Each structure stands twice: as C-alpha cells, then as structure tokens.
Novice: 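Pasting in a structure now, in structure tokens, and then I'll have a few things to ask.
If you're wondering where the values come from, they're calculated on a predicted model, not measured in any experiment. Basis for what follows: all heavy atoms, side chains included, without hydrogens, waters or symmetry-related copies.
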Amino acid sequence: MSFVLKLDQKRERHWKDVFHRLMPDMPFHFYPDYGDPADVEYIAMWRPEPDLFTRFPNLRLVFSLGAGVDQFDLSTFPDHVGLVKMIEPSLTAGMVEYVTAFVLATHRDLPLYRTQQMQHLWKPHTERRADRTSVGIMGMGTLGIPCAAAIRALGFNVRGWNRSHRDVDGVSMFVGNEQLDAFLAETDILISLLPLTPQTRGLFNNALFARLPAGASVINAGRGPQVVTDDLLAALDSGHLRWAVLDVTDPEPLPADSRLWDHPGVIITPHIASNTHPESGAESVINTIRNFQAGRTPEGLVDRQKRY
C-alpha cells in the first residue's frame, strides 16, 4: 500500500513532510518514481494519465488536486476506484478572497479608474450602493456557499442558482432551468463557480447575456469552456455588459493573439483564484484515506451519476 503525488516536486515537497509526520506507515512517492505500481492504492493529481488504471491495477482512490473534476473521464474508472475532489480550508478561503475582491472591484469600477490613471485622467463617477446591487452566484456548493456568505456580509443582495435546491441563510435561491430567467433578470454581478459538464459548456452565450440587466458584470472562476468568447466580446462591445473578470479561459494558457488580452472591459488572471495549499491539502488527503480505510464514505467522493 502506497501513495503517489503527481506534481512538481520542488513546489510540493511539503506533502512528503506532512505524510511522514502524520501517516509515517504510508510509503510516499513522487510520480514518476512510484516504486512497485502494484503497491499504489492512492494517487493525487490534477490531470490523469491515459494508462492510469492499467499502470496501477490496485488503485482504490484518485484525488483531484482541485475542487474541479471535469478533467477526469468517469466512464474510464473501474467500479472499485473512487474519485475524490479536494476539500480543504485554503482552497475555499482562496476562492472567497478572489470572488469578493472582484465583486468589489467591478462594483466600484476600479478597472475604469485604472484606465483613467494610465491616461492621467482625474474624473470621478457616480457610485452605486451595495444594498441596491444584486450579486448572483451560479453553483452553490462547497465554494459557492461560503462565497455567498462573504459577499452578503459586505451588504450586497445575494442570489444563488443551483441545479438542485439549497437552503442558504440570507440568500434568495433559484433552482433549475425553469428559474434561470428569473435569477438572471435581477443579477447585476454574475459569478460562475459551476463545474464543466455538457450542460454548462457554452452556457454563457448571447442568449444568457441578453437576460442580464444592462450594465451587468460577469466573473468566471468556473471553467473556460463555459463562456463563448465571441459572444462575451460582443456583449461588452455593445455596452450591455460592463466588465468581465476571467480567471479561466478556453484554451489555457490564453493565446497571445486573443482579443481578450487587450479589451478594455476584460480583466484576466491566470487560473489563480483558488489553489490547494500543500500542508492543508496533504492533511485533507490523509484524513480522507483514514476515513476510507475505516469504512466511511470519503468527503468529496464524486457521484458517478451526477459527476460532481
């Protein structure tokens, strides 16, 4: 029985230290130096290898090193192998920090003032009160719910959309496609924390943008292929959308000739909204392995039917 980590060894060497301290009986390896492949029962990675299950015939759990799991094809998983998405405090805290930072930035028009600074232009603009601004979050799960709480604490009206019902204190909830129009109609700042699925691929298109109020902003910290880039640019060019914050793009890295780089209404960050911290990430994986070995269902185990 052994554990394998498939990441840059220099950046994630702390994982090995945590395993040696908290789980000394578990042999720890950095991919591709994984020892006897028959001994490997647990592996953590961001992107899977095509021969993962033939190379490691005794795998029991595969850990995603992020909250998302759309990079894995569940149809290739043997029945006895589970996929676990990362649930750890730093991952959640990072997303809360990112989302609240850009809600405030777009609400107070900070990108505009940055542009004016580059032009040496001193020109104040009318401010809108937070309590008269609605922030809508699509994807009210492990990351969405704490983000909603943080934004609500800033005085914004918070709305949530999810494919299944959630009871979230102080948040107006909307469920399923039948309530999507009502959710969008009064959302001034739209945040996507959705996983990438066949239903969400290309979801953010002309039709969806048109259902937002004029002057709305979009923050995508979900997945790049959810946004139709040409439709986003058209909505920005027309003035219907004011700002678009993109932590994820399609493809990644964003090509140097993409129009997104230079559009005055677009803010780009290189997929850094939320990252797993080495120490707390390792501790989360160790706790999951212990629970699994004790016969308990691991937190973050992916539902094969729902996929997330």
Novice: side-chain hydrogen bond (donor to acceptor under 3.5 Å, both in side chains) between His271 and Glu252: does it pass, once the steps are laid out?
Specialist: CA-CA 9 Å; His271 206 147; Glu252 292 183 7; 2.8 Å; yes
Novice: Does Asp188 form a salt bridge (Lys or Arg N to Asp or Glu O under 4.0 Å) with Arg128? I'd like the steps, not just the answer.
Specialist: CA-CA 11 Å; Asp188 302 304; Arg128 184 175 183 175; 3.3 Å; yes
Novice: Under 3.5 Å, is there a donor-acceptor pair linking the side chains of Asp167 and His165?
Specialist: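 Checked: Asp167/His165 side chains pair up, N/O donor to acceptor below 3.5 Å.
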Novice: Before we go on, tell me: are the rings of Phe3 and Phe28 under 6.0 Å apart, centre to centre?
Specialist: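 Judged by ring-centre distance (under 6.0 Å), Phe3 and Phe28 do meet the cut-off.
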Novice: Regarding Arg21 and Glu279, does a basic nitrogen lie under 4.0 Å from an acidic carboxylate oxygen?
Specialist: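 The answer is yes: the pair qualifies as a salt bridge.
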Novice: After noting the C-alpha distance and the side-chain angles of Ser134 and Thr187, does the key distance pass the side-chain hydrogen bond (donor to acceptor under 3.5 Å, both in side chains) rule?
Specialist: CA-CA 5 Å; Ser134 293; Thr187 293; over 6 Å; no
Novice: Any chance you could lay out the side-chain hydrogen bond (donor to acceptor under 3.5 Å, both in side chains) test for His125 and Gln116, step after step, and finish with the verdict?
Specialist: CA-CA 11 Å; His125 298 272; Gln116 289 184 184; 2.5 Å; yes
Novice: Quiz question: by atom type and distance under 3.5 Å, do the side chains of Thr269 and Asp247 form a donor-acceptor pair?
Specialist: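 There is such a pair between these side chains.
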Novice: Between Arg259 and Asp230, does at least one N-O distance fall below 4.0 Å, as a salt bridge requires?
Specialist: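 So Arg259 does not pair with Asp230 through a salt bridge.
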Novice: Under the criterion side chain to side chain contact (heavy atoms under 4.5 Å, CB included), I'd like the reasoning laid out for Tyr31 against Leu5: C-alpha separation, chi angles, the key distance, then a yes or no.
Specialist: CA-CA 6 Å; Tyr31 188 94; Leu5 177 67; over 6 Å; no
Novice: Go through the side-chain N and O atoms of Gln226 and Ser192 and say whether any donor and acceptor fall under 3.5 Å apart.
Specialist: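 There is such a pair (donor and acceptor under 3.5 Å, judged by atom type) between the side chains of Gln226 and Ser192.
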Novice: For Arg166, which residues count as a salt bridge (Lys or Arg N to Asp or Glu O under 4.0 Å) partner, sequence neighbours excluded?
Specialist: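 Not a single residue meets the salt bridge (Lys or Arg N to Asp or Glu O under 4.0 Å) criterion with Arg166.
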